[in-house]
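Okay, so here's the structure we're looking at.
Computed from a predicted model, the values in this text were never measured in an experiment. Excluded from the calculations below are hydrogen atoms, water molecules and symmetry mates; all remaining heavy atoms, backbone and side chain alike, are included.
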Amino acid sequence: MNTILLASNNAHKLKEIRAILPDFRILSLSEAGLDIDPEETGATFYENALIKARAAFEASGLPSLADDSGLSVAALDGAPGVLSARYCGRHGADGENNALLLENLQNVADRRAKFVSAVVLYRGENDIVAAEGETVGEILFAPEGSGGFGYDPIFFSYDLHKSFGIASEQEKNAVSHRGRALRALVERLTQVQ
């Protein structure tokens, strides 16, 4: 089984990626004994994913996979975008991020939004495979459900006709931005080999 280092210690993301890529052995940074946290200075999801994948590869020598993803809201000119995880000013404060987004959309009729994911598999400077995925929907007026993570409870999926907070793990993975990006990446890998 091919081993891939995931350039993350996010338990939710690790679980999701393992479910989407069952044919690979996915290790988190901590499972590989690494303590790295490269600064995400990219202007795009792809640039940030590349920064993380390259850093993980350089620290481990293992093929390294990184995902950078976030929420893009039409009425907010694409915000929170690459700052999605730290929209409120602190990294990973899901409740505060959701509250700030709902506050910024108060009295806004156009609530269209999309999740975007860029994934990069880095196996050396001349061996980089990347893919992107999106899923569209809109921002609810209040959270629905407690499943998923991040903005899931306030994101109504047009594919599923319900919030990601209500959706089962399997339902979400079938239509999610990360699921689509990872499946596109696997397809590109099979074309390359």
Step by step, work out the side chain to side chain contact (heavy atoms under 4.5 Å, CB included) result for F45 and E132. CA-CA 9 Å; F45 294 118; E132 290 195 4; 5.6 Å; no
Decide yes or no on side chain to side chain contact (heavy atoms under 4.5 Å, CB included) for S28 and L6, but give the supporting numbers first. CA-CA 5 Å; S28 68; L6 177 63; 5.6 Å; no
Run the numbers on T3 and L27 for side chain to side chain contact (heavy atoms under 4.5 Å, CB included), then give the verdict. CA-CA 7 Å; T3 298; L27 295 177; 3.8 Å; yes
Salt bridge (Lys or Arg N to Asp or Glu O under 4.0 Å) between R18 and E31, intermediate numbers included: CA-CA 14 Å; R18 283 178 172 160; E31 289 169 335; 2.7 Å; yes
Show the numbers, then the answer: is there a side chain to side chain contact (heavy atoms under 4.5 Å, CB included) between K114 and V116? CA-CA 6 Å; K114 64 182 177 181; V116 179; 4.0 Å; yes
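Note: the hydrophobic cluster containing I4 also contains V119 (ILVMFWY, side chain heavy atoms under 4.5 Å, direct or indirect links). Transitive grouping of hydrophobic side chains (ILVMFWY, heavy atoms separated by less than 4.5 Å) brings Y87 and L102 into a common cluster. If you chain together hydrophobic residues whose side chains sit under 4.5 Å apart, I128 and L65 never meet in one group. Linking Ile, Leu, Val, Met, Phe, Trp and Tyr residues whenever their side-chain heavy atoms come within less than 4.5 Å places I17 and L185 in a single cluster. Residues I26 and I20 fall within the same hydrophobic cluster, defined by Ile, Leu, Val, Met, Phe, Trp and Tyr side chains chained together at heavy-atom separations under 4.5 Å.
F155 is not listed as a side-chain neighbour of E138, based on a closest heavy-atom distance of 4.5 Å or more. When side chains are defined from C-beta on, S157 counts as touching V175, because their heavy atoms get closer than 4.5 Å. At least one side-chain heavy atom of V186 sits less than 4.5 Å from a side-chain heavy atom of F24. Annotation: side chain of L34 is in contact with side chain of L5 (closest heavy-atom distance under 4.5 Å). The shortest side-chain heavy-atom distance between I154 and S163 does not fall under the 4.5 Å cut-off.
Here the OG1-CZ distance, from T135 to F164, works out to 4.5 Å after rounding to the nearest 0.5 Å. Between I166 atom CD1 and L160 atom CG the span is 10.5 Å, to the nearest 0.5 Å. Going from atom CG of D37 over to atom CG of L29 covers 9.0 Å, rounded to the nearest 0.5 Å. Within the model, atoms OG of S60 and CD1 of I36 stand 7.5 Å from one another, a figure rounded to the nearest 0.5 Å. With rounding to the nearest 0.5 angstrom, the CG atom of L62 is 9.0 Å from the CZ atom of R25. If you take OG on S69 and NE2 on H177, they are separated by 4.0 Å, rounding to the nearest 0.5 Å.
The salt bridge (Lys or Arg N to Asp or Glu O under 4.0 Å) pairs that include a residue from residues 95-109 are R90-E96, where partners are two or more places apart or lie in different chains.
Side chain of N98 to main chain of G150: a donor-acceptor pair is present (N/O by atom type, distance under 3.5 Å, no hydrogens or angles). Not a single donor-acceptor pair under 3.5 Å links the side chain of N173 to the backbone N or O of G179. Side-chain atoms of D152 come within 3.5 Å of backbone atoms of F149 as a donor-acceptor pair (strictly under, hydrogens ignored). Panel note: side chain D68, backbone A118; no donor-acceptor pair is recorded below 3.5 Å. The main-chain N or O of V129 is never found under 3.5 Å from a side-chain atom of R188 such that the two would form a donor-acceptor pair. N97 contributes a side-chain N or O that, together with a main-chain N or O of C88, makes up a donor-acceptor pair within less than 3.5 Å.
Listed by chain and number, the residues in a side chain to side chain donor-acceptor pair (under 3.5 Å) with E16 are K172, R178 (sequence neighbours excluded).
Taking the ring centre of F141 as origin, the terminal cationic atom of R111 falls inside the region bounded by 6.0 Å and 45° from the ring axis.
Closest of all the heavy-atom pairs between Y158 and H161 is O-CE1, 3.3 Å. When all heavy atoms of S64 and A56 are compared, the pair lying nearest together is OG-C, 3.4 Å. In plain terms, the two heavy atoms of A131 and A181 that are nearest each other are CB-O, 3.5 Å.
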Under 3.5 Å, sequence neighbours excluded: what are the donor-acceptor pairs made by side chains of residues 73-85?
| from | atom 1 | to | atom 2 | distance (Å) |
| --- | --- | --- | --- | --- |
| S84 | OG | L71 | N | 2.9 |
| S84 | OG | G81 | O | 2.6 |

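Counting heavy-atom neighbours within 6.0 Å of K15 NZ, excluding the residue itself, gives a total of 12 or less.
Among E40, E58, E47, the one residue that satisfies the salt bridge (Lys or Arg N to Asp or Glu O under 4.0 Å) test with K52 is E40.
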